[in-house]
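All values derive from a computational prediction rather than experimental measurement. Naming convention: chains lettered A, B, ... in sequence-line order (proteins, then strands); numbering from 1 in each chain.
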Protein chains: 2
Amino acid sequence: MNNKKVTIKDVAARAKVSRASVSRVLNDYPGVKPELRERVNQAMDELGFAPNYFSQALAKGRSQSVGLMVRSLGGFFFGSIMCEVEEVLTKAGYQCMVTSGHGTYESERAAMEFMVSRQCDAIIVYSDCLSDEEIIKINQAGSPVVLISRFIQELDSQCIRFDDTSGAYQATKHLIANGHSDIATITGPLSNQDARDRLTGYRKALEEFAIPYRPELVLESNFQVPGGKLATEKLLAAKHHFSAVFYGNDEMAIGGIQALNHAGLSVPEDVSVIGFEDVPLNEFLKPKMSSMRIPVASIGNLAAKRALSLIAQEELDLALEVDVQLMERESVKTI
Amino acid sequence: MNNKKVTIKDVAARAKVSRASVSRVLNDYPGVKPELRERVNQAMDELGFAPNYFSQALAKGRSQSVGLMVRSLGGFFFGSIMCEVEEVLTKAGYQCMVTSGHGTYESERAAMEFMVSRQCDAIIVYSDCLSDEEIIKINQAGSPVVLISRFIQELDSQCIRFDDTSGAYQATKHLIANGHSDIATITGPLSNQDARDRLTGYRKALEEFAIPYRPELVLESNFQVPGGKLATEKLLAAKHHFSAVFYGNDEMAIGGIQALNHAGLSVPEDVSVIGFEDVPLNEFLKPKMSSMRIPVASIGNLAAKRALSLIAQEELDLALEVDVQLMERESVKTI
DNA sequence: TTGTACGCGTTATCAG
DNA sequence: CTGATAACGCGTACAA
């Protein structure tokens with residue numbers, strides 16, 4: 001194949017100007033004679049010229065791209081965030097490079113190194129494992145970082161927050177308000193910050209209403225449907241009484257409901273269930289599942305906007321905290 | 001911040017060798033004296049040197065990364081593919097750069113240009129809108145392309161295929177085998193190839209069993225839950241009789257079931273439903289939904305492996321076609 | 001307004 | 001086995 005990459009030099013020759021001039025029209029510099037500009041443009045078209053990205057990046061030290069690290073490339077939560085981030089970024093002329101941290105330290109570290117090495121003009125991060133220091137260091141090293149669902153004092157204005165703890169607290173309180181006191185909870189992997197926070201919120205609510213915390217009613221799972229099912233089966237097998245369960249996310253709740261049904265228990269008649277995150281599907285389940293809504297789209301939107309403002313080095317006057325909200329539906333019964 | 005990026009030059013000075021030698025140990029070239037190698041490595045460590053990615057890419061014309069274009073960053077189908085592709089790629093020392101084609105021509109074109117400009121060593125593509133010619137051209141221009149769910153004769157060995165048409169045919173046939181003949185279908189956007197193929201399969205089955213094709217029983221929707229609901233409501237409003245509906249994917253089927261229920265119809269007693277793709281959730285719905293399973297993980301796996309083999313320029317002796325499989329559950333009733 | 005010449009950080013070629 | 005030095009393709013002070 002005729003793989004003679006056409007370069008700025010070829011264009012210059014064709015248009016009978018210097019390479020510098022070509023570069024100028026390429027980056028539309030102010031003072032260039034229209035006539036010359038026209039000639040160069042024409043030459044570009046005729047030769048089918050496209051600037052070499054690496055050369056550009058190397059020469060000016062910016063990549064016109066922002067990185068996005070999520071925990072997983074699959075699933076509703078991160079899927080929604082990716083969609084939103086990608087949309088506003090592309091609209092702004094930036095490209096979005098997505099990587100997965102897999103929730104492990106090595107992976108997160110590698111992903112960050114990757115994005116830094118590509119000189120992402122900014123990096124949006126959902127990190128479970130990286131230390132504050134590491135993140136701060138990266139931020140200072142030239143790639144401004146936007147944190148999702150994590151707060152670091154020094155990076156105050158670069159953190160998009162929503163309160164897992166408070167959300168879990170509200171969820172549990174909702175259960176309590178409906179007369180429940182034997183409340184179980186299935187958490188995500190406690191190595192994840194969000195899972196821990198949600199557990200904390202659960203405990204806080206219990207505490208506030210003077211309900212003793214019973215470790216036998218809390219099981220750790222993995223934020224996924226089959227995991228939720230398994231954990232619920234274990235819970236059932238243990239034969240401790242409970243009238244409600246708060247699931248660390250909706251996926252697990254869905255699995256849990258199935259396990260409950262299998263055991264001949266129906267929701268919400270026999271046991272009440274509340275989830276977390278509020279996947280769109282909740283509306284379509286039977287019974288419709290109550291959950292805490294995390295405004296994922298807003299989060300993605302804010303994160304991307306903040307990244308952009310960081311690049312432009314302008315202040316952004318936006319509230320960086322979003323609220324989680326109780327969505328009452330049919331899976332919680334008053335007793 | 002002390003942003004003096006340390007370069008190969010600094011390392012060379014520190015180790016008292018030439019830049020060329022540093023480069024050699026960096027790319028572990030065969031003939032380098034261990035003693036010198038050691039000295040350079042030490043200098044690198046002391047200086048905290050990390051090679052500049054753009055320089056490397058510029059100099060050697062390869063980027064050590066492969067691109068992946070999907071239709072959407074969200075949703076189960078593409079989420080699973082992304083996960084799988086990313087996993088095998090990272091394991092092989094490649095980085096994966098994900099972009100979204102949004103199912104529109106402009107977007108797909110831009111995404112491809114992006115990946116080409118980054119000199120992806122290979123590109124994995126799920127494309128709805130690009131023409132065969134465009135794809136072939138990109139493939140020849142130096143970035144080998146792997147197609148997912150699309151067949152182009154000239155790129156025969158680079159197409160990971162599964163048969164949408166045959167899958168839809170099987171699904172419809174399954175309905176027919178269960179005694180149904182008034183079968184509606186809700187399709188995805190017919191601008192998408194897969195949606196069209198699934199419709200074709202539906203028609204083929206009808207034809208085979210001499211059931212007349214009734215346009216009033218086919219509605220176009222958008223592959224999403226609310227869309228499926230809406231379309232089903234329209235179908236209901238039209239008052240044509242049907243005893244079963246084949247949904248172009250599970251998401252729409254889930255929305256559809258809700259609409260059915262709202263209208264006082266229960267599944268499968270009053271109307272049978274079958275979906276497509278087989279999201280893991282199907283197991284957990286009530287009733288458990290029958291569907292055609294597309295082995296998404298295998299697809300991602302194959303695509304990535306093929307991309308790798310293309311880069312290495314070695315033949316890959318793998319079957320590039322995967323089967324979709326009927327998962328019979330509870331949403332189809334024999335009448 | 002336009003051209004010259006050098007720098008960006010690496011790799012590749014070719015002597016030595 | 002190692003060291004100069006020329007690419008790689010583009011941006012940009014500086015000069016004209």
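If you measure from atom CZ of Arg39(A) to atom C1' of dG3(C), you get 13 Å, rounded to the nearest angstrom. Regarding Asp10(B), its CG atom lies at a distance of 11 Å from the P atom of dC8(C), rounded to whole Å. Here the C1' atom of nucleotide dG9(C) and the CE atom of Met44(B) are 13 Å apart, to the nearest Å.
A distance-only check finds no donor-acceptor pair linking the side chain of Ser143(A) to the backbone of Ile123(A) [under 3.5 Å]. Between the side chain of Asn52(A) and the backbone N or O of Ser55(A) there is at least one donor-acceptor pair closer than 3.5 Å.
The cationic atom of Arg71(B) (NZ for Lys, CZ for Arg) does not lie both less than 6.0 Å from the six-membered ring centre of Tyr126(B) and within 45° of the ring axis.
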Quiz prompt | Base versus backbone protein contacts along nucleotides 6-16 of chain D [heavy-atom cut-off under 4.0 Å; B, S, -] | solution = B-BBBBBB---
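Minimum interatomic distance between Ile8(A) and Val22(A) (heavy atoms only, all atoms of both residues): CG1-CG1, 3.4 Å.
Atom CD of Glu314(A) has more than 12 neighbouring heavy atoms from other residues, nucleotides or ligands inside a 6.0 Å radius.
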